[in-house]
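Protein chains get the first letters and strands the later ones, always in sequence-line order, with residue 1 at the start of each. Computed from heavy atoms alone, side chains included, the values below leave out hydrogens, waters and symmetry copies.
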Amino acid sequence: MRTSWADSVANANSLAGAASGSNTTPSSASVAGAASRPNRASYVPPHLRNHPRSEIATPAQPDGPAAIVRRSSFSGPSGDSRLGSGGAVATRDFGHSTAGGGRPLGGGGWNSRTGGWDRGRDREVNPFANEDETTDAVFNEQQNTGINFDAYEDIPVETSGDNVPAPANTFAEIDLGAALNENIRRCKYVRPTPVQRHAIPIALAGRDLMACAQTGSGKTAAFCFPIISGIMNSPLVQKPRGARIVFPLALILSPTRELSVQIHDEARKFAYQTGVRVVVAYGGAPIVQQLRELEKGVDILVATPGRLVDLLERARVSLSMIRFLALDEADRMLDMGFEPQIRRIVEQMDMPPQGVRQTMLFSATFPKEIQRLASDFLANYIFLAVGRVGSSTDLIIQRVEFVQESDKRSHLMDLLHAQRATGVQGKQALTLVFVETKKGADSLEHWLCLNGFPATSIHGDRTQQEREYALRSFKSGQAPILVATDVAARGLDIPHVAHVVNFDLPNDIDDYVHRIGRTGRAGKTGLATAFFNENSTSLARPLAELMQESNQEVPAWLGRYAARSLHVGGGGRNRRPGGGPRFGGRDFRRDNSLSRGGGGGDYYGVGASSGYGGGYAVAPGFTSAWD
DNA sequence: AAAAAAC
């Protein structure tokens with residue numbers, strides 16, 4: 001799939017180049033001799049590609065610093081004008097003028113001038129193509145009509161900060177312009193989700209954003225739409241020349257390779273026929289292919305930190321033109337030890353500083369490391385907290401069963417058999433099985449296969465190729481059972497996962513929440529089964545509390561374990577110090593202004609200095625806002 | 001303690 005996409009883009013580019021006589025987006029063939037060619041392609045923003053060349057100024061110094069050609073009042077990355085806010089206005093104007101022109105939506109882009117930027121773009125591979133031919137019509141039908149929008153309606157949302165832009169209730173109200181509107185339609189998005197309703201107007205207003213929301217909440221679209229819109233409306237920017245270095249305008253960082261791939265896939269749909277190019281870079285895959293994609297032009301770069309640092313060190317990517325920075329799953333990235341890389345990327349390379357670029361930070365929890373990151377990366381930001389999808393609507397049915405280690409396999413088999421018997425046409429519903437270790441994942445996969453269950457596995461010791469293959473065959477139903485470590489716990493959006501089994505429970509309740517969040521997505525119901533035994537007692541209390549919060553039946557024995565853990569100094573890092581069950585976080589700027597221990601309305605008196613993951617003790621009987 | 005992530 002990827003190959004054909006790359007190939008056809010290469011085709012489209014060389015065609016476009018041949019047709020216009022100016023090689024605006026160098027194909028791989030032209031790159032070879034590019035360095036010595038005097039009239040080498042210079043960057044042309046997407047909305048002006050294939051435009052008469054006279055309108056594009058040439059920089060005075062070929063290898064000098066970024067030359068910025070001003071079309072209107074744009075003052076450049078070092079200027080004081082926040083690009084985003086101007087972009088917001090332009091977005092709406094642009095949408096109206098196009099719609100007013102009566103041109104059919106998606107009819108080849110917004111530019112009606114002959115030889116518009118999008119000529120040759122009709123060869124862009126349709127990222128929606130394989131969705132229409134999805135084998136399982138049932139799934140499609142569900143997707144079209146079965147989305148339980150009511151599930152989204154009562155999700156609590158909280159915002160704080162200076163001059164918070166009003167949320168938008170419909171996409172029409174947001175009006176991102178014809179091309180994006182058409183992609184919204186193609187994505188079958190009917191109404192914006194809560195995070196989109198709030199985050200998109202905030203981002204379009206050019207504001208920095210700190211947000212607490214999960215991927216299933218529509219988070220990716222929430223930061224992609226404003227970025228794409230902002231780039232489409234960007235003033236004419238002349239990117240510096242350099243044979244082998246590229247200048248993305250937006251950077252999206254995410255912790256795992258699969259998540260980066262997923263964000264890239266989604267962003268490509270949102271950017272379809274907008275001329276905005278999205279490229280992904282991550283480790284474990286040959287870098288040459290990614291370099292080739294980058295050289296074809298990149299507006300939005302989605303990357304994992306390690307590979308990006310590599311690209312920066314090789315001087316193949318410059319961040320000097322970055323206008324939008326999005327950090328996804330920021331707490332996860334810190335957990336994984338990425339803080340040095342992230343700070344290196346954001347603070348020590350050539351990225352425009354805080355306040356000049358527009359920065360959006362997404363995190364599920366808010367330990368002090370995240371708070372520091374926020375104050376270092378964000379400027380006068382708006383805090384947005386969106387409740388968990390399903391938290392208030394019980395979309396995920398949670399079950400906990402007491403299973404000894406030695407009985408886990410046969411118990412899992414029972415579950416799978418029962419599922420097969422009650423499943424649609426005897427087919428195995430997609431089941432995601434989480435285990436603690438990579439070794440455990442391998443041996444369970446092997447054992448399942450031996451016993452006639454088509455299983456595959458995903459974990460960090462498998463090659464990237466194997467990981468992607470596993471994910472593909474799981475999604476397609478070829479291997480309807482996926483055994484996974486926590487590499488798959490967060491952010492991955494796999495449609496139609498009917499059942500999540502916590503074969504081994506995680507040690508952290510947040511990991512549990514993320515794992516079960518792989519099901520019950522897009523407003524559909526899901527089932528989560530956990531195998532509990534003596535080894536998982538530390539999770540008893542937070543698990544019982546979480547289940548109670550979400551109106552799940554808590555087995556009496558689990559309640560006893562939970563009560564017992566109270567007296568043995570239970571709690572610790574699994575206790576939730578702030579926020580509420582429906583709010584994964586809080587605006588700690590507000591905490592700072594509260595007197596310690598003085599209570600604080602919705603927020604308990606947990607100061608900014610006591611981090612969530614800090615392992616502090618909670619006195620027995622202490623009840624936080626989570627309780 | 002294990003997991004993830006650059007070569």
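- Residue A/Gln341 is out of contact with every strand shown, counting any heavy-atom pair closer than 4.0 Å.
- Between the P atom of B/dA5 and the CG atom of A/Leu308 lies a distance of 15 Å, rounded to the nearest Å.
- In this structure, the CG atom of A/Leu259 is 13 Å from the C1' atom of B/dA5, given to the nearest Å.
- In this structure, CG of A/Leu539 is placed 18 Å from P of B/dA1, rounded to the nearest angstrom.
- Within 4.0 Å of A/Arg467, counting heavy atoms only, lie sugar-phosphate atoms of the nucleic acid but no base atom.
- For A/Lys438, a side-chain nitrogen or oxygen approaches OP1 or OP2 of B/dA4 to under 4.0 Å.
- Computed from coordinates, the A/Gln464 CD to B/dA5 P distance equals 7 Å when rounded to whole Å.
- Using modelled atom types and a 3.5 Å distance limit, the side chains of A/Glu468 and A/Gln464 yield a donor-acceptor pair.
- The separation between A/Glu329 atom CD and B/dA5 atom P is 13 Å, rounded to whole Å.
- Side-chain contact check for A/Thr519 versus A/Leu527: every heavy-atom pair is 4.5 Å or farther apart.
- Only one option out of A/His499, A/Glu401, A/His411, A/Gln398 pairs with A/Thr529 in a side-chain hydrogen bond (donor to acceptor under 3.5 Å, both in side chains); it is A/His499.
- Residue pairs meeting the salt bridge (charged side-chain N to carboxylate O under 4.0 Å, His left out) criterion with at least one partner in residues 437-450 of chain A, sequence neighbours excluded, are A/Lys438-A/Asp461.
- Residue A/Val309 is out of contact with every strand shown, counting any heavy-atom pair closer than 4.0 Å.
- A straight line from CG of A/Asp461 to P of B/dA4 spans 7 Å, rounded to a whole angstrom.
- Here B/dA5 is the nucleotide among B/dA6, B/dA4, B/dA5 with the atom lying nearest to any side-chain atom of A/Phe338.
- With hydrogens and angles left out, the side chain of A/Asn507 and the base of B/dA2 share no donor-acceptor pair within 3.5 Å.
- Here A/Arg257 lies in heavy-atom contact (under 4.0 Å) with sugar-phosphate atoms only.
- Among the protein residues, A/Gly284 comes within range of the sugar-phosphate backbone only, with heavy atoms under 4.0 Å from sugar or phosphate atoms but none that close to a base.
- When the C1' atom of B/dA5 is taken as reference, atom CG of A/Leu334 falls 14 Å away, rounded to whole Å.
- As a whole-Å value, the separation of A/Arg462 CZ from B/dA3 C1' is 16 Å.
- Ring orientation note: the planes of A/Tyr561 and A/Phe402 are close to parallel, at an angle under 30° on the 30°/60° scale.
- Residue A/Asp486 is classed as having no contact, given no heavy-atom separation below 4.0 Å to the nucleic acid.
- Within the 4.0 Å cut-off from OP1 or OP2 of B/dA4, not a single side-chain nitrogen or oxygen of A/Thr304 is found.
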